[in-house]
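First the structure, then my questions, so here it is.
Along the sequence shown, the residues carry numbers beginning at 1. Just so it is clear, the values below take in all heavy atoms, side chains as well, and ignore hydrogens, waters and symmetry mates.
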Amino acid sequence: MPAHQPAKLMRLHLSEHDRYKGKPLYEAILEKCRDLKIAGATAFRGLEGYGETAEIHRRHLLGHDLPIVVNIVDSAENIERLSPVLEQMMDTGLIAVSDVEIQRVQRKRVGKSV
């Protein structure tokens, strides 16, 4: 059984309309994480949410501004290295960091199944 390892989970809460250098912020964040060799990052689009301003973000008939959450997992050192980079990329939003334990699962596959 693989051993559990201590790690950090960083959650970024932002908006679908947030941009960085002309592209969606969540895409730019994922690219930056990959460039910095961060262990893993995933962006999720929410159905509805609100933040500091209490303005509800949801799909509307004339447009939408859905909430986005980006989860990033890596060692404490790598999350600390990443944090100031992401803070510079964001105009508004929330960053939450939690202690987690990770367990890597990777099985060797003998053959490909369809």
Quiz item: Looking at SG of C33 and CG of L86, how far apart are the two atoms once the value is rounded to the nearest 0.5 Å?
Solution: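 CG of L86 is found 5.5 Å from SG of C33.
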Quiz prompt | Nearest non-hydrogen partners of A41 and L30, listed with the distance | solution = CB-CD2, 3.4 Å
Quiz item: Can you tell me how far CE of M89 sits from CG of D18, rounded to the nearest 0.5 angstrom?
Solution: 11.0 Å
Exercise. Return yes when atom CD of Q88 has more than 12 non-hydrogen atoms of other residues, nucleotides or ligands closer than 6.0 Å, and no otherwise.
Key: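 It does not: Q88 CD has 12 such atoms or fewer within range.
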Quiz prompt | Inter-residue atom distance H17.NE2 - T92.OG1, 0.5 Å rounding | solution =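 It is 12.5 Å, given to the nearest 0.5 Å.
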Self-check item: Single-linkage hydrophobic cluster I79~L36, side-chain heavy atoms < 4.5 angstrom
Solution: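 Yes; L36 is reachable from I79 via cluster members.
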Practice problem: Walk me through it: do N71 and L9 pass the test side chain to side chain contact (heavy atoms under 4.5 Å, CB included)? | Solution: CA-CA 7 Å; N71 284 348; L9 170 63; 4.1 Å; yes
Quiz item: Under a single-linkage definition using a 4.5 Å side-chain heavy-atom cutoff for Ile, Leu, Val, Met, Phe, Trp and Tyr, are F44 and V97 assigned to the same hydrophobic cluster?
Solution: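 F44 does not cluster with V97.
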Exercise. Taking the side chain as every heavy atom from C-beta outward, state whether L25 and M90 have any pair of such atoms under 4.5 Å apart.
Key: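 Touching, per the 4.5 Å side-chain cut-off.
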Exercise. Would you give the length of the straight line joining atom CG of N78 to atom NZ of K8, rounded to the nearest 0.5 angstrom?
Key: 12.5 Å
Self-check item: D74 to A7 - nearest heavy-atom pair and separation
Solution: O-CB, 3.4 Å
Quiz prompt | ILVMFWY cluster, V85 and M10 together (side-chain gap under 4.5 Å) | solution = yes
Self-check item: Spacing of CD1 belonging to I29 relative to CG belonging to L12, to within rounding of 0.5 Å
Solution: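 Output value for this atom pair is 5.0 Å.
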Quiz item: In Å, rounded to the nearest 0.5 Å, how long is the span from CG of L66 to CG of L14?
Solution: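 Going from the CG atom of L66 to the CG atom of L14 covers 12.0 Å.
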Quiz item: Should L82 and I38 count as side-chain neighbours, where that means a heavy-atom distance under 4.5 Å?
Solution: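 L82 reaches I38 side chain to side chain.
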Quiz item: So, for R104 and A39, which heavy atoms are closest and what is the spacing to 0.1 Å?
Solution: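 Here R104 and A39 meet closest at NH2-CB, 4.1 Å.
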